[in-house]
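Here is the naming used below: chain letters follow the sequence lines, and residue numbers restart at 1 for every chain.
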There are 2 protein chains.
Amino acid sequence: MVRRTGDRATSGRVRVLALLLAEQRAITHHEIEERLSGGRRLDRVTLYRVLEWLSEKCLVHRVVNDDRVWRFRANAHSDTHQHAHFKCTRCTTVICLDDPQAAYDGPLPAGYRLQEIELTVKGLCAACA
Amino acid sequence: MVRRTGDRATSGRVRVLALLLAEQRAITHHEIEERLSGGRRLDRVTLYRVLEWLSEKCLVHRVVNDDRVWRFRANAHSDTHQHAHFKCTRCTTVICLDDPQAAYDGPLPAGYRLQEIELTVKGLCAACA
DNA sequence: TGACGTATTGCAACAAAGTTGCGTTTACTA
DNA sequence: TAGTAAACGCAACTTTGTTGCAATACGTCA
């Protein structure tokens, strides 16, 4: 996947993408850093750059939670630019809802152009409920 | 409005709420600080605490944009816990869409409990389109 | 297979946004 | 109008993310 972009396949990119593909939810920069601690540790800055590159290449997408921290998740399926996420208000876990029903039929102000719709469902996850 | 909460009506709380009520969109801590510069300047920390208090009392609500900065907006109408926001991907302005059509009919994982639905429409505002 | 050039990396320093502790001031109560 | 607890202001700190630059490694081509 990394090589298919035409850019270099570095070990950082491969390791981070593999890790995110294995994960079932959106995780933070910090969590990724911890999980990479086995093997050669990736520099904090490098990880930021790897994540930036991955999301530029649409191999990954970012979500902001109310704790203002980016979370990253591998894009398994082709990106439809229509996401639905669930955010637990207690433990701040973020998961992706697979069957997004997101739609907006209401009016936008005159001159506004719609690009993307994001639906966020907040509540308690099974562990916190 | 401030006094009705039962807590103290300090000049900071009154000034910030008045300012947010006059504003038609969600603005950042920084923008609020600038607009308050006439009159006695409010300390940065105090402003954070005033905003926290206002949103605790539901006089104001917070939105996080993709720039990971809190934005605040006065709650004119009673809060239904169902918001719809428009975020301009270019100038990062945030406005509230008044007629939220937000709904989620899809399934949540077992054990998950829904508290609030937030719909975010991203695109270009009239000035940036 | 090995040398080369450029894309990446790692380090250090910086920046923005927000938080905490603590002594001082102020709004409300009596 | 005096007393008191809640807010405030200041300074220092934390977290998250960014920038500049020299060192390293990926991929190419001989």
At a 4.0 Å cut-off to heavy atoms of chain A, the contacted part of DNA chain C spans C/dG5 to C/dG18
Between B/Arg35 and B/Glu33, is there a side-chain N and carboxylate O pair less than 4.0 Å apart?
-> no
Got a donor-acceptor contact below 3.5 angstrom from the B/Ser55 side chain to the B/Cys58 backbone?
-> no
Separation between CG of A/Leu17 and CG of A/Leu51, rounded to the nearest 0.5 Å | 10.5 Å
Apply the test salt bridge (charged side-chain N to carboxylate O under 4.0 Å, His left out) to residues B/Glu31 and B/Arg25: give CA-CA distance (whole Å), side-chain angles for both, the deciding distance (0.1 Å), then the verdict.
-> CA-CA 12 Å; B/Glu31 290 171 306; B/Arg25 54 202 192 83; 3.3 Å; yes
For nucleotides 23-30 of chain D, read 5' to 3', which letter fits each nucleotide if B means a protein heavy atom sits under 4.0 Å from the base, S means only the sugar-phosphate is that close, and - means neither?
-> --BBS---
Roughly how far, to the nearest 0.5 Å, is the CG atom of A/Asn65 from the CZ atom of A/Arg71?
-> 4.5 Å
Answer whether the closest heavy-atom distance between the side chains of A/Leu47 and A/Asp43 falls below 4.5 Å.
-> no
How does protein contact run along nucleotides 10-17 of chain D, one letter per nucleotide 5' to 3', with B for base contact, S for sugar-phosphate only, - for none, heavy atoms under 4.0 Å?
-> BB----BB
May I ask you to test the B/Val121-B/Lys87 pair for a side-chain heavy-atom distance under 4.5 Å?
-> no
Between B/Asp66 and A/Arg62, is there a side-chain N and carboxylate O pair less than 4.0 Å apart?
-> no
For the atom pair CZ (B/Phe72) and CD (B/Glu52), what is the distance rounded to the nearest 0.5 Å?
-> 9.0 Å
Just say parallel, tilted or perpendicular for the rings of B/His85 and B/His61, cut-offs at 30° and 60°.
-> tilted
What's the CG-P distance between B/Leu51 and D/dC8, to the nearest Å?
-> 11 Å
